[in-house]
Number of protein chains: 2
Amino acid sequence: MAANSRFSIAVHVLTMLAKNCDGRVKSDFIAESVNTNPVVIRRLLCSLQEANLVVSQVGASGGTCLARQPKKITLSEIYNAVSHGEIFSPHPKTPNQDCPVGKNIEAILCRLQKEIDKTVEQKLAQYTLQNVIEMVEREKV
Amino acid sequence: MAANSRFSIAVHVLTMLAKNCDGRVKSDFIAESVNTNPVVIRRLLCSLQEANLVVSQVGASGGTCLARQPKKITLSEIYNAVSHGEIFSPHPKTPNQDCPVGKNIEAILCRLQKEIDKTVEQKLAQYTLQNVIEMVEREKV
DNA sequence: TTTATTTGTAACTAAACTTGTTACAGTTAT
DNA sequence: ATAACTGTAACAAGTTTAGTTACAAATAAA
């Protein structure tokens, strides 16, 4: 383990919700499709709820539904809801500040990090959940 | 720990080599600037050597130097040498193949993954090690 | 009002990965 | 011959991840 698959599962979960948009979907049902434990799904749904992508209802005949139409949800929003975009990590320990390279490299890498994040975000923003649904349908053929 | 900082360290290491391009640089010297153990640096240098970015020499008065001019080394090459570009991971377990979403979502996410990787690669390819050196110098002011 | 169902969440485990560290074999200049 | 290096194996400690059990709280339905 130890490699973040939350975005993959989140896209899967939201696609399930979109295809069952008429009612509230239960975490057990989603978990069966994702092939995992319902608690894993509920944990993820909490993050998606914080990001205002879904609405959950507790109690009997509760469940979750999308907060918006699939065409109004971008993959960028999904990504931000469940991951913090870091293509690479900074130095584990602060570099030697007495070395001219060590003193300045962190700030440069930090700027680069942000620039890449923005690039990824722009790419992911090109796709909506609706696009994913259409791809799933097309794939079926 | 448990967050890959190899790219950050690789850029740091290569910048050190570029600024000491006249001779062979020892792992102990680099480790002091990076503030880590020389073995960590040597391990990284092995990866950079496999990618033909540096040349190392064993034995007394050995060390490492760049294999090419800094302006001919892109950050994209560095990234590929030390990381395998994965912005997100696939499902840990294969989704339920009896569910239309579960059956198709993996292929779609895989294509998306590759597309994002290409985007990141293009972004990183815009910068060379020479650019980083210039940024380090400029930062110093 | 009682009961069954469902989310939310805490606590724990096992696996994977990362860096740091020690140790040492092999290579090379002096 | 000796000292100084790299390359690499082996292990420890810390972090993160998904999976799991358990249960409190909320809610619909009987």
Side-chain angles (χ1 to χ4, degrees), chain A residues 1-10 12-13 16-17 20 23-51 54-65 67 82-84 86-96, chain B residues 1-10 12-13 17 20 23-32 34-51 54-65 67 82-84 86-96:
Chain A
M1 230 165 286
N4 190 330
S5 60
R6 278 194 289 268
F7 175 73
S8 290
I9 300 182
H12 188 154
V13 166
M16 292 294 287
L17 294 182
N20 297 273
R24 296 194 186 105
V25 184
K26 294 168 209 2
S27 62
D28 286 65
F29 178 72
I30 302 173
E32 256 185 48
S33 172
V34 174
N35 191 14
T36 185
N37 192 295
V39 174
V40 172
I41 301 300
R42 291 206 287 272
R43 273 200 290 241
L44 199 63
L45 285 172
C46 285
S47 300
L48 297 175
Q49 207 171 182
E50 277 171 40
V54 304
V55 177
S56 291
Q57 166 120 29
V58 300
S61 81
T64 306
C65 60
V82 298
S83 292
H84 40 298
E86 305 230 321
I87 273 55
F88 60 88
S89 293
H91 288 59
K93 290 191 203 162
T94 304
N96 185 345
Chain B
M1 231 166 285
N4 191 328
S5 60
R6 279 194 289 267
F7 175 73
S8 289
I9 299 183
H12 188 154
V13 167
L17 295 183
N20 297 275
R24 295 192 188 108
V25 185
K26 296 170 208 358
S27 62
D28 287 64
F29 178 72
I30 303 175
E32 255 183 51
V34 175
N35 190 13
T36 186
N37 193 294
V39 175
V40 172
I41 301 301
R42 291 206 287 271
R43 273 200 291 242
L44 199 63
L45 286 171
C46 285
S47 299
L48 297 176
Q49 206 169 185
E50 278 171 38
V54 303
V55 176
S56 290
Q57 166 117 30
V58 299
S61 80
T64 306
C65 60
V82 298
S83 293
H84 39 298
E86 306 229 321
I87 274 54
F88 60 88
S89 293
H91 287 60
K93 291 191 203 161
T94 304
N96 185 345

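So you know, we letter chains A, B, ... as the sequences are listed, proteins then strands, and number each from 1.
Looking at the side chain of A:D28, the nearest of the listed nucleotides C:dT18, D:dG19, C:dT7 is C:dT7. Of the candidates C:dT19, D:dT20, D:dT6, D:dT20 carries the atom nearest the A:V39 side chain, counting heavy atoms from C-beta on.
OP1 or OP2 of D:dA18 lies within a sub-4.0 Å distance of a side-chain N or O belonging to A:S5. Look at B:T36 and you won't find any side-chain N or O under 4.0 angstrom from OP1 or OP2 of C:dT19. Distances shown here put every side-chain N or O of A:Q49 at or beyond 4.0 Å from the OP1 or OP2 atom of C:dT7. Checking the phosphate oxygens (OP1, OP2) of C:dG8, no side-chain nitrogen or oxygen of A:R43 falls inside 4.0 Å.
Side chains of B:K93 and A:T36 form no contact here, defined as non-hydrogen atoms less than 4.5 Å apart. B:C65 is not listed as a side-chain neighbour of B:V25, based on a closest heavy-atom distance of 4.5 Å or more.
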Contacts under 3.5 angstrom, residues 41-48 of chain A side chains, donor-acceptor by atom type, not counting sequence neighbours:
unit_1: A:R42; atom_1: NH1; unit_2: A:S27; atom_2: OG; d: 3.1

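Side-chain contact, A:T64 with A:S56: a donor N or O sits under 3.5 Å from an acceptor N or O.
In this structure, B:V25 and A:N37 both approach DNA chain D, and ranking their closest nucleotides by distance from the 5' end singles out B:V25. Where B:T64 and A:H84 meet DNA chain D, the nucleotide closest to each residue was compared, and B:T64 sits on the side nearer the 5' end.
A donor-acceptor pair under 3.5 Å links the side-chain atoms of B:N35 to the main chain of A:T94, judged by distance alone.
Between the CG atom of A:L45 and the P atom of C:dT9 there is a distance of 12 Å, rounded to whole Å. Distance B:F88 CZ to D:dA18 C1': 18 Å, rounded to the nearest Å. With rounding to whole Å, B:I41 atom CD1 is found 15 Å from D:dC5 atom C1'. Nucleotide C:dT19 holds its P atom 6 Å from the CD1 atom of B:I9, rounded to whole Å. Summarising the geometry, the separation between NZ on B:K26 and C1' on C:dT27 is reported as 14 Å, rounded to the nearest angstrom. Between B:N4 atom CG and D:dT17 atom P there is a gap of 14 Å when expressed in whole angstrom units. In this structure, A:L44 places its CG atom 12 Å from P of C:dG8, rounding to the nearest Å. In this structure, CZ of B:R6 is placed 14 Å from C1' of C:dG20, rounded to the nearest angstrom.
Among the protein residues, A:S27 comes within range of the sugar-phosphate backbone only, with heavy atoms under 4.0 Å from sugar or phosphate atoms but none that close to a base.
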- Tell me, for nucleotides 23-30 of chain D in 5' to 3' order, what letter each nucleotide earns: B for a base near a protein heavy atom under 4.0 Å, S for only sugar-phosphate near one, - for neither? ---BBB--
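With rounding to the nearest 0.5 angstrom, the OG atom of B:S61 is 6.5 Å from the NZ atom of B:K26.
Remark: A:F88 engages B:F7 in a ring pair (Phe, Tyr, Trp, His ring centres under 6.0 Å) (not counting sequence neighbours).
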